[in-house]
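Please read the structure below before turning to the comments.
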Amino acid sequence: MDTNGATTSSTAGGGSTSKSSSKKHSRKPVYSRFTQQELPACKPILTPGLVVEIVDRYDESCVPSNYSNDKLKFIQNPSINKSCVRTLTVPKLMKSPVFIYYQLDNYYQNHRRYVKSRSDKQLRSVSDEKSTTDCSPEDKTVDGPIVPCGLVAWSLFNDTYWFSVNSKTIEVNKHDIAWKSDKEHKFGSNVYPKNFQSGGLIGGAKLNSSVPLSKQEDLMVWMRTAALPTFRKLYGKIEQDLQANEKIQVVIQNNYNTYSFSGKKKLVLSTTSWIGGKNDFLGIAYIIVGGLCLFLAVCFILLYVIKPRPLGDPSYLSWNRSPAGHPN
C-alpha cells in the first residue's frame, strides 16, 4: 500500500512540475486588449451604392414549343399571337426611377453599310425630304421618298412591354428617354413620317405619321447606333419603387426578328448609382490591360536574366580615345 501511495504521489508531483515548466517556457503573448485589437475605435465600413438589376432573356422562352425547331417561321407568321407572359422577382428594393432597357446580342449596328444607310439632312428639315442618296434600298416608294429613310430607321425595334404588380398596372414613362441634343437639333419638329414601312417587307416598328420626328423618342434612341454587337437601349422608366420579393408580371409582345441571325433579346430593369448604371466593360478592360503589362514585364525580366545585353567598352568613346588637348 505504501509503495503504491509513494508511486502515485511521485507521478502527481511529476505532472505538476511538467505543467509549470510548460507554462514557464510558453511563447504565447500575455493577453491584453491592445494586442487583440479590442480597444474602442472608430471603424467606418464603406457601403457602396449598389445597382440592382434584373435581366431576363425571353427570345427563346416566348416561342411556342411546336415552333422550337423553326423559330424563324414563328416570327415571320403575322397570324400567330406573339404575346408572352413573364414573371420577374425583385431581388432587392429598387428605388425609382427604375430604367427599362432592351438588350440585343449579336446585332451589328456598327456595320458600315448599315450605319451609312440614313439621311441626317432629311431628319432635320422638311425641305430635304428627297435627300435619300445614301438610304438605298429603303430610299423611296412609288408614292415618293421614305421619311425617315434608310436601314437604321427601317429596322426600328418593335417589341413592347406591359408591367403589373398584384394585377395593378405599372405605368411606363417614355418621355425624356432620348438625348436632348437629338430632340432639339437632329430631328425636326416639322418633319413627319411618310411612306414609312409601307413596302412589302416590314423591318420593324411603324411610326405615327401625325407625330413629328422630334417627338418620336423611341426612334431617336434607336437611331443612335451602338458601337458593339451587344448593346442596351432605353425603353422607358418606372416612376415608383419596386419592393423586394415582389412579383412583376410582364406581358411581352415578341415581334422583333432576331432569330434569322442567332441574336438574343433580353429585358433589363435597372437602377443607377451616383456613378451611373452597371457596366462591366471598364473593369474588364483594366484587368486585360493590367494583365498584359504584367506579362510583358515578366518577359523582359526573363530576357534580361537569360540573355543580358553586354555592357559597352567605354574606351571606345570619342572623348576617351581623344582626350581634350590631345587631338589625333
Side-chain angles (χ1 to χ4, degrees), residues 42-61 86-112 114-115 152 157 159 161 163 172-173 176-182 217-218 220-246 248 250 252 256 258 261-303:
C42 178
K43 300 176 182 178
I45 300 176
L46 299 179
T47 304
L50 297 178
V51 175
V52 185
E53 192 173 270
I54 304 173
V55 181
D56 179 53
R57 180 183 175 185
Y58 64 88
D59 57 290
E60 291 187 342
S61 303
R86 304 284 292 169
T87 301
L88 308 179
T89 302
V90 181
K92 297 179 181 179
L93 172 65
M94 301 181 73
K95 293 186 177 181
S96 65
V98 178
F99 296 92
I100 306 168
Y101 300 91
Y102 55 88
Q103 177 176 320
L104 298 179
D105 294 5
N106 198 35
Y107 194 116
Y108 289 83
Q109 269 198 320
N110 59 356
H111 191 282
R112 182 173 179 270
Y114 181 89
V115 172
V152 183
F157 187 78
D159 282 6
Y161 313 108
F163 300 87
V172 176
N173 181 8
D176 296 328
I177 61 174
W179 288 28
K180 185 178 179 181
S181 60
D182 289 354
E217 296 197 42
D218 282 327
M220 298 180 204
V221 172
W222 181 258
M223 294 287 285
R224 187 167 284 276
T225 53
L228 300 175
T230 297
F231 58 87
R232 294 178 180 179
K233 291 186 180 290
L234 187 60
Y235 178 84
K237 295 176 285 185
I238 297 176
E239 304 287 356
Q240 69 180 63
D241 294 347
L242 300 178
Q243 304 300 322
N245 301 318
E246 271 188 337
I248 304 175
V250 187
I252 300 174
Y256 202 69
T258 56
F261 55 89
S262 301
K264 300 176 184 178
K265 294 189 290 187
K266 297 175 183 178
L267 171 63
V268 180
L269 302 182
S270 178
T271 59
T272 59
S273 65
W274 63 274
I275 56 174
K278 184 178 180 181
N279 192 338
D280 298 330
F281 174 77
L282 192 60
I284 294 173
Y286 280 151
I287 292 174
I288 292 175
V289 173
L292 181 61
C293 292
L294 179 62
F295 173 76
L296 292 175
V298 172
C299 289
F300 285 130
I301 291 173
L302 292 177
L303 184 63

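- In this structure a side-chain-to-backbone donor-acceptor pair under 3.5 Å is present from K265 to Y256.
- Side-chain atoms of Q109 never come within 3.5 Å of backbone atoms of T225 as a donor-acceptor pair (strictly under, hydrogens ignored).
- For P91 against A244, the heavy-atom pair with the smallest separation is O-CB, 4.2 Å.
- The two residues V55 and K266 have their closest heavy-atom pair at CG1-CD, 3.9 Å.
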Report all side-chain donor-acceptor pairs from residues 92-100 shorter than 3.5 Å, counting only partners two or more places apart or in another chain.
| from | atom 1 | to | atom 2 | distance (Å) |
| --- | --- | --- | --- | --- |
| S96 | OG | D241 | OD1 | 3.4 |

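- Other residues, nucleotides and ligands place no more than 12 heavy atoms under 6.0 Å from the OH atom of Y286.
- Side-chain contact check for D105 and Q103: at least one donor-acceptor pair (N or O, by modelled atom type) lies under 3.5 Å.
- When side chains are defined from C-beta on, D176 counts as touching K237, because their heavy atoms get closer than 4.5 Å.
- A search for side chain to side chain contact (heavy atoms under 4.5 Å, CB included) contacts involving T87 returns K247, Q249, not counting sequence neighbours.
- Between V51 and S270, the shortest heavy-atom contact is CG1-OG, 3.5 Å.
- Evaluation of the salt bridge (Lys or Arg N to Asp or Glu O under 4.0 Å) test over residues 50-61, restricted to residues two or more places apart or in two chains, returns E53-R232, D56-R86, R57-D59, R57-E60.
- The side chain to side chain contact (heavy atoms under 4.5 Å, CB included) check on L296 picks up L292, F300, with sequence neighbours excluded.
- Remark: Y161 engages Y58 in a side chain to side chain donor-acceptor pair (under 3.5 Å) (not counting sequence neighbours).
- With sequence neighbours excluded, the residues forming a side chain to side chain contact (heavy atoms under 4.5 Å, CB included) with Y108 are N106, N110, P229, listed by chain and number.
- Judged as a side chain to side chain donor-acceptor pair (under 3.5 Å), and not counting sequence neighbours, Q240 has no contacts.
- Residues meeting the ring pair (Phe, Tyr, Trp, His ring centres under 6.0 Å) test with Y102, sequence neighbours left out: F157.
- For F231, the ring pair (Phe, Tyr, Trp, His ring centres under 6.0 Å) partners at least two apart in sequence or on another chain are Y107.
- Between M220 atom CE and K233 atom NZ the span is 13.5 Å, to the nearest 0.5 Å.
- With rounding to the nearest 0.5 angstrom, the CD1 atom of I177 is 11.0 Å from the OH atom of Y101.
- Closest non-hydrogen pair, V152 versus W222, comes out as O-NE1, 2.8 Å.
- For I284, the side chain to side chain contact (heavy atoms under 4.5 Å, CB included) partners at least two apart in sequence or on another chain are D280, I288.
- The shortest side-chain heavy-atom distance between L88 and L267 falls under the 4.5 Å cut-off.
- When all heavy atoms of L242 and V90 are compared, the pair lying nearest together is O-CG1, 3.9 Å.
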